[in-house]
Protein chains: 2
Amino acid sequence: MEGVRKTMRLTTKGRYAVTAMMDLAIHEVAGPVTLTDIASSQNISLSYLEQLFANLRRAGLVKGMRGPGGGYRLACPAADISIAKIIVAVDDKVDATRCGGKGDCQDGEPCLTHELWVDLSRQLYEFLDGISLGDLTQWPCVQDVAARQDARDGRHVAAGRGANPN
Amino acid sequence: MEGVRKTMRLTTKGRYAVTAMMDLAIHEVAGPVTLTDIASSQNISLSYLEQLFANLRRAGLVKGMRGPGGGYRLACPAADISIAKIIVAVDDKVDATRCGGKGDCQDGEPCLTHELWVDLSRQLYEFLDGISLGDLTQWPCVQDVAARQDARDGRHVAAGRGANPN
DNA sequence: CAATTCCCGAGTGGATTAGTCGGGTATAAG
DNA sequence: CTTATACCCGACTAATCCACTCGGGAATTG
């Protein structure tokens, strides 16, 4: 009867998007980052990344630049981009309720546990909205992983050898 | 608590289970509650409810009593049953993530954002584990909804009509 | 020009969800 | 003892969703 409503959308889609955005935030000091680089470094399919970045672009979080030497950059400072914004951009909504926030979960009235899911959604959103890409790049464990990946892939986070600093 | 941190999935399955358990917590003062009652009051399919309660029973959260006058009761006081327990009981499929329990998310090493998701999972779990069925029944909005449903369905939360108070 | 890179829509296989169906088995009431 | 109630159980299914592919295009650089 009422089988239409979703899971709270915290899926690998959102995780991929955040991971990719982190790659971008870490490496963009050296110029635009190509999806091909992100795909191989983070081990995400290129075509899938393109879909995610289409959403991120529509949400105004990144800017694409075509042609050789092109790639993606953040559309605003990493400190201004919260994790919540990224997830909302690719997954529609961070929402744990079945009715999408309005209390029509059951025959036009709120269900017994409506308020619980509203609270949960808020809790979750506030947590994810309180962490920015910029914050995340400062986490020691993140820097460790980034350093290891860059060594493996031969990339450089500091403005090293010139991949065209436009 | 046992060692590993669980990634919990939040689906309508979990929501149904919590809602049904709330119905149980509210009405069990009048004796066992039948799944038929819950199904019609909460508008959940009976057969589906049976599946959910099979899990809840295996998890030791409810006790079934057969025969006329039977139904389900909570296996322990409502104050001792957290929302998290209920959701874990029905959604036990812990690992939907690419990074299973440990940080093997990417070629045997943690991915860039591994720590973030670990933190998020903990946040979520702690929130849901900090709320018990007993707590929830005290929320004013919940009592409002329950009263409205009982009026509609002709049920009584206080030990009203004599359904065999064993 | 050709190469690179972003851009876009349609389609697909597999997994999961939400739910059905058709049987049981224990228990209470008559 | 019989019958109705209500829990118990496993197999099946339609629909949905996710992660991903495919095939093409359009802008930009050298």
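Each chain gets a letter, A, B and so on, in the order its sequence line appears, and its residues count up from 1. Note that the coordinates shown come from a computational prediction; the quantities given were computed from them, not determined experimentally.
- Atom CZ in R15(B) sits roughly 15 Å away from atom C1' in dT16(C) (whole-Å rounding).
- Closest to the R66(B) side chain, of the nucleotides dC20(D), dA26(C), dG19(C), is dA26(C).
- Note on R57(B): a side-chain N or O is less than 4.0 Å away from OP1 or OP2 of dC9(D).
- V62(B) places a side-chain heavy atom less than 4.5 Å from the side chain of Y72(B).
- Nucleotide dC7(C) holds its P atom 8 Å from the CG atom of L35(A), rounded to whole Å.
- Both K63(A) and G67(A) sit near DNA chain C, but only G67(A) has its closest nucleotide nearer the 5' end.
- Taking 3.5 Å as the limit, the base of dT17(C) and the side chain of Q51(B) contain no donor-acceptor pair of atoms between them.
- At whole-Å resolution of the value, CG in L56(B) and P in dC8(D) are 11 Å apart.
- Closest to the side chain of P68(B), out of dC9(D), dT5(C), dT5(D), is dT5(D).
- The side chain of S45(B) lies closest to dT20(C) when the candidates are dT20(C), dA4(D), dC7(D).
- In this structure, the CD atom of E50(B) is 13 Å from the P atom of dC21(C), given to the nearest Å.
- With rounding to whole Å, L46(A) atom CG is found 12 Å from dT4(C) atom C1'.
- Following rounding to the nearest Å, L49(B) (CG) and dT17(C) (C1') show an atom-to-atom distance of 15 Å.
- Counting to the nearest Å, the C1' atom of dC9(D) and the CG atom of N55(B) are 12 Å from each other.
- Among the protein residues, V62(A) comes within range of no part of the nucleic acid, since none of its heavy atoms lies under 4.0 Å from any strand.
- Residues D23(A) and R155(A) are paired through a salt bridge, judged by an N-O separation under 4.0 Å between the basic side chain and the carboxylate.
- As judged by a 4.0 angstrom heavy-atom cut-off over every strand, F53(A) is placed among residues making no nucleic acid contact.
- No side-chain N or O of W117(B) forms a donor-acceptor pair with one of S121(B) less than 3.5 Å apart.
- Side-chain proximity of Y72(B) to dC8(D), dT21(D), dT5(D): nearest is dC8(D).
- Contact check for R152(B) versus S41(B): side-chain heavy atoms found under the 4.5 Å cut-off.
- Look at CG on L52(B): it is 12 Å from P on dT20(C), rounded to the nearest Å.
- Heavy-atom minimum distance, K63(B) versus L74(B): CE-O, 4.4 Å.
- Side chain of Y48(A), nearest nucleotide from dC6(C), dC7(D), dC20(D): dC20(D).
- Residue S47(B) is in base contact, counting any heavy-atom pair closer than 4.0 Å across all strands shown.
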